[in-house]
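So the structure is just underneath, and the comments pick up after that.
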Protein chains: 2
Amino acid sequence: MIVSIETVRAALEAALRGAGVGRENAALQASLLIEAEMRGLASHGLLRLPRIVERIRNGVCAPHAEGAHRWRASHLLDVDGQHGLGPVVAMRALDAVCERAAQGGVAVACIRNNNHLGMLAWYAQTVAERGYTLVALSTSEALVHPWGGRRAMLGTNPIAIGVPVGFDADADADADADADADADADADADMNGGANSRVAPRALVMDMATSLVAMGKIHDYANRGEPLEAGWALDAAGEPTLDAQAAKHGSIAPFGGAKGYALGLAFEVLVTALTGGAIGTEITGTLDSHTACNKGDVFIVIAPQREAALHARIAAYLDAVRECEPADARRPVSVPGDRSAASRAHALAHGLNVDARLWHTLETLAAAQGVA
Amino acid sequence: MIVSIETVRAALEAALRGAGVGRENAALQASLLIEAEMRGLASHGLLRLPRIVERIRNGVCAPHAEGAHRWRASHLLDVDGQHGLGPVVAMRALDAVCERAAQGGVAVACIRNNNHLGMLAWYAQTVAERGYTLVALSTSEALVHPWGGRRAMLGTNPIAIGVPVGFDADADADADADADADADADADADMNGGANSRVAPRALVMDMATSLVAMGKIHDYANRGEPLEAGWALDAAGEPTLDAQAAKHGSIAPFGGAKGYALGLAFEVLVTALTGGAIGTEITGTLDSHTACNKGDVFIVIAPQREAALHARIAAYLDAVRECEPADARRPVSVPGDRSAASRAHALAHGLNVDARLWHTLETLAAAQGVA
């Protein structure tokens with residue numbers, strides 16, 4: 001069913017407020033879930049809300065915690081997340097490191113004891129819109145097998161990168177830029193979320209897990225009784241399987257074979273070394289409703305160059321990539337973020353298509369607990 | 001033919017000294033090439049030396065330049081490489097940012113106008129041995145096609161990550177660590193280069209291009225007249241090809257499909273945005289002997305936590321990954337860097353196996369130009 005974004009927002013905020021979350025933080029958590037849903041990443045969207053409320057009820061998510069900050073050095077921030085809401089702790093940390101990066105050019109936040117961050121693209125977009133470059137890394141419970149191994153020992157360990165590629169205050173500023181390319185205003189708008197009335201700074205946003213598929217996708221296939229594709233997953237005994245039910249108790253493959261495994265493992269070690277969080281099979285609390293979350297998150301924020309000519313060169317390059325002759329004429333080449341931006345623009349214009357049962361659950365949570 | 005490492009080192013240094021490189025910088029450049037050769041990365045090893053000498057002769061590599069440093073902010077360093085030798089400019093930049101990271105917890109170097117860095121693992125290993133975490137990114141001439149596109153628009157855009165996982169002054173320090181795992185001293189030694197008499201701090205080092213294969217591999221196959229594997233490359237017209245000769249004039253695939261493409265593109269944009277270097281098909285001078293090199297390099301150096309218990313936990317995790325039951329009993333699971341460390345240990349013990357024609361070229365360069 002189609003629900004307007006404002007109706008969804010009101011329901012999510014009411015449910016969170018009823019669970020004891022303050023107004024501002026409820027809005028932050030709701031925004032993250034709605035952004036994920038709008039971008040077509042339903043696995044990180046509205047369906048997460050019931051679990052978040054359960055985690056608060058079960059005492060493994062502290063609704064008021066925003067994280068305790070301690071500067072280990074002038075540009076390196078340690079954050080004890082105090083088991084707060086993932087995006088609340090993360091945004092407070094990002095506020096602090098963006099301010100420090102504005103002074104010193106770079107700052108890093110190392111977060112532990114924080115709940116699930118949700119869609120990393122949201123942080124990359126937000127930070128890029130403030131004019132900073134972000135590299136975000138996080139870990140998760142072990143779901144991915146080493147390349148050539150039989151059981152889950154790595155998290156899905158996502159990386160997101162956000163790079164501002166323009167600081168124009170309005171869409172017409174393109175005309176001022178020293179661009180030698182035929183910058184396509186529509187493509188730029190699409191890249192930034194299209195129908196949004198506020199013209200955001202242009203940004204390249206890339207967000208990907210280092211697993212071949214998401215565990216959420218395995219669960220989807222299991223729910224629909226569909227077979228997996230070969231190479232996606234192993235069963236609990238470590239044998240390749242196309243049975244999604246069996247894969248739920250097994251492990252999923254890293255993307256890109258040995259290279260993707262190497263990357264995911266390096267992220268696992270880097271995040272643990274910087275945050276002091278748990279590692280590998282010791283990580284808990286990223287999937288269930290009752291276990292404290294002990295993984296780590298790392299945000300590297302860098303102040304980029306601000307020359308308009310440079311940003312015009314990068315924007316022209318991205319347009320040239322989009323215009324690269326496609327292997328299949330029906331499938332034009334896209335740049336990371338293009339498809340989610342188109343999905344977001346559609347949602348802004350037409351509302352969200354929400355599963356009826358999920359919507360009923362959300363409405364019930366909002367009505368039972370709502371104070372709005 | 002087998003040549004001792006010291007004989008190789010003397011020849012490389014003589015050739016570089018003869019081309020006008022100072023003693024210390026010749027040793028640095030030679031060390032990088034020898035390390036690559038020892039680790040089994042011949043494409044980044046001794047065969048690069050003749051091209052480096054040619055580039056100096058042709059005036060596109062300045063033998064004395066070490067890079068001009070300008071701190072854009074207190075922890076963000078801009079380096080104009082002045083077209084110096086890649087590793088010379090890079091190590092001077094790393095010296096500066098490591099010192100700043102020691103104070104502020106993190107520092108970043110943004111390098112442009114620098115020659116080819118060579119094997120990134122060397123920088124990651126060196127920085128990790130100093131006790132810092134490194135994330136290194138670089139770009140190259142466009143060789144990789146966008147996912148679903150027909151022509152080369154991205155560099156091979158490698159990433160290297162180095163993480164210290166122990167600060168012991170000697171191998172026995174393991175016994176002091178608060179490890180609850182059966183740390184395997186042999187495995188640790190192997191990971192650090194085995195037979196090296198100096199016991200280096202343990203480190204995880206990961207180094208990979210975001211292309212599916214290296215262009216050097218395509219050239220190898222072309223030289224040997226062997227067909228490529230399906231999916232590796234496109235010809236100049238953008239059609240899939242197994243013909244290595246045709247692929248030399250075409251493009252190579254990103255690793256990991258759409259995800260690897262997204263990652264490589266994000267690196268291309270991130271490096272360009274931070275360094276102001278060239279982007280995409282505008283990048284020159286990473287492959288030939290006569291064109292100035294205009295790509296960018298980025299080094300992010302972070303001071304990690306130094307708790308022994310944390311490092312013991314990470315080391316135990318890496319050992320557990322190595323002991324993960326393998327899919328194929330003959331191929332145990334390895335951790336990034338294991339195989340190159342074994343190759344390095346073998347080379348240290350037995351010398352290098354150098355192609356006879358290449359060795360003749362190197363000896364000729366050393367004799368003709370040598371001052372040693």
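We name chains A, B, ... by the order of the sequence lines, and we start the count at 1 in each one. Predicted, not measured: the structure shown is a model, and the values here were computed from it.
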Best-contacting candidate, A:Gly257, A:Cys110, A:Gly149, A:Ser334, against chain B by heavy atom pairs under 4.5 angstrom: A:Gly149
Residues B:Val97, B:Trp71; criterion side chain to side chain contact (heavy atoms under 4.5 Å, CB included); working and verdict: CA-CA 10 Å; B:Val97 290; B:Trp71 288 94; 4.1 Å; yes
Pick from A:Tyr261, A:Phe267, A:Phe255, A:Trp147 with the largest number of heavy-atom pairs that fall under 4.5 Å of chain B: A:Phe255
Structural part of A:Met206 lying under 4.5 Å from a heavy atom of chain B: side chain
Side chain, backbone, both or neither of A:Glu268 within contact of chain B (heavy atoms, under 4.5 Å): side chain
Proximal component of A:Thr272, with respect to chain B [non-hydrogen, under 4.5 Å]: both
When B:Thr281, B:Ile302, B:Thr210, B:Asp328 are compared by non-hydrogen pairs under 4.5 Å with chain A, the top option: B:Ile302
Which of B:Asp78, B:Ile159, B:Leu263 touches chain A most, by non-hydrogen pairs under 4.5 Å: B:Leu263
Sub-4.5 Å side-chain heavy-atom contact between B:Ser251 and B:Leu143: no
Side chain to side chain contact (heavy atoms under 4.5 Å, CB included) between A:Val127 and A:Cys98, intermediate numbers included: CA-CA 8 Å; A:Val127 170; A:Cys98 283; 4.2 Å; yes
Side-chain heavy atoms of B:Tyr132 within contact of B:Ile300, under 4.5 Å: no
For A:Gly231 against A:Ala253, the heavy-atom pair lying closest together: O-CB, 3.3 Å
Options B:Leu154, B:Thr275, B:Leu265, ranked by heavy-atom pairs under 4.5 Å with chain A, top entry: B:Leu265
Interface moiety of A:Arg151 toward chain B, non-hydrogen atoms closer than 4.5 Å: both
Region of B:Ala320 in contact with chain A, defined by heavy-atom distances below 4.5 Å: both
Heavy-atom contact with chain A under 4.5 Å, split by part of B:Ala107: backbone
Minimum heavy-atom distance between A:Ala124 and A:Ala160, given as atom pair plus value: CB-CB, 4.3 Å
Most contacts with chain A, counted as non-hydrogen pairs under 4.5 angstrom, among B:Ile161, B:Val106, B:Val333, B:Val163: B:Val106
Expected output: side-chain B:Arg313 to main-chain A:Gly276 donor-acceptor under 3.5 Å: yes
Residue, of B:Arg331, B:Gln103, B:Lys259, B:Met208, that accumulates the most heavy atom pairs under 4.5 Å with chain A: B:Lys259
Side chain to side chain contact (heavy atoms under 4.5 Å, CB included) between B:Val144 and B:Thr156, worked out: CA-CA 6 Å; B:Val144 175; B:Thr156 54; 4.2 Å; yes
Verdict with reasoning, A:Arg150 to A:Glu239, per side chain to side chain contact (heavy atoms under 4.5 Å, CB included): CA-CA 7 Å; A:Arg150 283 178 181 263; A:Glu239 298 294 335; 2.8 Å; yes
Which atoms of B:Leu234 approach chain A - backbone, side chain, both or neither, heavy atom under 4.5 Å: neither
Heavy-atom pair count under 4.5 Å with chain B, highest-scoring of A:Ser74, A:Ala278, A:Gly162: A:Ser74
B:Thr133 side chain reached by B:Pro164 side chain, heavy atoms, under 4.5 Å: yes
For chain A, the option from B:Gly104, B:Gly105, B:Gly256 that forms the most heavy-atom pairs under 4.5 Å: B:Gly104
Residue, of A:Gly277, A:Pro240, A:Pro332, A:Pro254, that accumulates the most heavy atom pairs under 4.5 Å with chain B: A:Gly277
Under 4.5 Å from any heavy atom of chain A - which part of B:Asp207: neither
N/O donor-acceptor pair under 3.5 Å between A:Asn294 side chain and A:Glu282 backbone: yes
Residue that, paired with A:Trp232, satisfies side chain to side chain contact (heavy atoms under 4.5 Å, CB included) out of A:Ile252, A:Thr241, A:Val213: A:Val213
B:Asp297 versus B:Val271, closest heavy-atom pair with distance: N-CG1, 4.0 Å
Part of A:Ala101 within contact of chain B (heavy atom distance under 4.5 Å): neither
Part of B:Leu310 lying under 4.5 Å from any heavy atom of chain A: side chain
Region of A:Leu270 in contact with chain B, defined by heavy-atom distances below 4.5 Å: both
A:Leu77 portion near chain B, given a 4.5 angstrom heavy-atom threshold: neither
